[in-house]
Amino acid sequence: FFFLGIEFSKPMKISKKEANGKQETHLFTGTKLALAFSTGVKKGEKINVKVSISPTGYEGAGKNMLAEGQSKDFDAVRKQAEANWDKELSKIEVKSDDKNKLAIFYTALYHVFTQPNINMDVDGKYRGRDNKLYTANGFDYYTVFSLWDTFRGAHPLMTLIDRKRTADFINT
């Protein structure tokens, strides 16, 4: 289950709502969902869209939006994301004159950090594998451990470069 919160920088109208391939008017639930939004947009006008996600419910998505989506400045959010990734990727420093090799290495390291990923609300609530709600105390709850063969390379690497995250994996 995933619940979403979407916030636009200007009012929008839902012009089309489809659930599981059928036009929908009231209910909006299913596995194949589509929304079309419309509004009057002037040439060159920018519309910011914030999306929050929660494994627990719409209330969780709202809390996550409030905690993590305060900025209305897209460039500031982008710069913060770049700084966060620079911090993660700087855990291993590689030197080479071959820019291609550097790009390959840091792309692979980026992939190591993308999964497993945190799957809980900002208040620690998460949906367990039994579909019940729990609260993580003292650790971040992760998901997507299903990548093939990660035990051979990715997880041993994480024990060396990110012990906190490794402990969280174990507690999950």
Side-chain angles (χ1 to χ4, degrees), residues 1-12 35 37 39 41-42 44-127 134-172:
F1 294 108
F2 286 104
F3 301 85
L4 299 173
I6 303 173
E7 182 180 295
F8 296 93
S9 60
K10 88 181 265 180
M12 294 283 181
L35 283 174
F37 297 96
T39 189
V41 180
K42 298 175 186 138
E45 181 181 10
K46 293 180 182 179
I47 299 173
N48 288 327
V49 181
K50 294 183 198 177
V51 178
S52 63
I53 189 168
S54 169
T56 65
Y58 297 114
E59 183 180 324
K63 287 180 186 178
N64 295 341
M65 176 82 70
L66 288 173
E68 299 175 1
Q70 291 297 314
S71 179
K72 295 189 182 311
D73 182 347
F74 181 84
D75 288 328
V77 172
R78 181 184 49 80
K79 286 177 185 171
Q80 183 61 53
E82 288 173 358
N84 291 346
W85 274 112
D86 284 346
K87 181 181 175 191
E88 291 296 315
L89 295 175
S90 70
K91 290 180 178 179
I92 298 177
E93 184 180 345
V94 176
K95 294 182 180 181
S96 174
D97 293 331
D98 187 336
K99 300 290 183 195
N100 263 350
K101 286 183 180 177
L102 288 173
I104 290 168
F105 176 81
Y106 284 107
T107 299
L109 188 59
Y110 166 81
H111 289 145
V112 167
F113 285 118
T114 59
Q115 291 177 334
N117 46 20
I118 294 174
N119 190 34
M120 66 182 205
D121 292 336
V122 72
D123 61 4
K125 289 184 182 160
Y126 66 91
R127 187 174 300 277
Y134 298 93
T135 302
N137 290 313
F139 71 97
D140 290 332
Y141 181 81
Y142 280 80
T143 191
V144 189
F145 289 96
S146 61
L147 294 174
W148 178 79
D149 239 6
T150 58
F151 70 93
R152 294 181 191 270
H155 289 288
L157 175 64
M158 293 302 275
T159 65
L160 298 172
I161 64 174
D162 200 325
R163 291 183 179 181
K164 162 73 168 94
R165 197 172 282 158
T166 298
D168 290 346
F169 294 165
I170 293 166
N171 282 303
T172 296

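In this chain, numbering begins with 1 at the start of the sequence shown.
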> For the residue pair Ser54 and Ala61, what are the closest heavy atoms and their distance?
Replying inline: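 Nearest pair, atom of Ser54 first, then Ala61: CB-N, 3.2 Å.
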> Between Thr159 and Pro156, which heavy-atom pair has the shortest distance, and what is it?
Replying inline: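 Smallest heavy-atom distance, with atoms named: OG1-O, 2.5 Å.
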>> Check this for me, if you would: do Glu88 and Arg165 make a salt bridge, where the nitrogen-to-carboxylate-oxygen distance has to be below 4.0 angstrom?
In response: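 Yes, charged N to carboxylate O under 4.0 Å.
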>> Check this for me: does any side-chain nitrogen of one of Asp75 and Lys79 sit under 4.0 Å from a carboxylate oxygen of the other?
In response: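 No, this pair does not count.
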>> Could you check whether atom CZ of Arg78 has more than 12 heavy atoms from other residues, nucleotides or ligands sitting under 6.0 Å from it?
In response: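 Yes - once you tally the heavy atoms of other residues, nucleotides and ligands closer than 6.0 Å, there are more than 12.
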>> For Glu7, I'd like to know if atom CD has over 12 heavy atoms of other residues, nucleotides or ligands within 6.0 Å.
In response: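 Buried by this count: over 12 neighbours within 6.0 Å.
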> Step by step, would you call Thr143 with Tyr126 a side-chain contact (heavy atoms from CB on, under 4.5 Å)?
Replying inline: CA-CA 10 Å; Thr143 191; Tyr126 66 91; over 6 Å; no
>> For Thr56 and Lys125: C-alpha separation, side-chain torsions, deciding distance, then whether side-chain contact (heavy atoms from CB on, under 4.5 Å) applies.
In response: CA-CA 7 Å; Thr56 65; Lys125 289 184 182 160; 4.0 Å; yes
>> side-chain contact (heavy atoms from CB on, under 4.5 Å), that's the test. Do Phe169 and Asp162 meet it? Break it down for me.
In response: CA-CA 11 Å; Phe169 294 165; Asp162 200 325; over 6 Å; no
Any side-chain heavy atom of [X] sitting closer than 4.5 Å to one from [Y]?
X: Glu59; Y: Asp121; value: no
X: Ile53; Y: Asn64; value: no
X: Ile170; Y: Phe139; value: no

>> One pair to check against side-chain contact (heavy atoms from CB on, under 4.5 Å): Leu109 and Ile161. What are the steps and the verdict?
In response: CA-CA 11 Å; Leu109 188 59; Ile161 64 174; 4.3 Å; yes
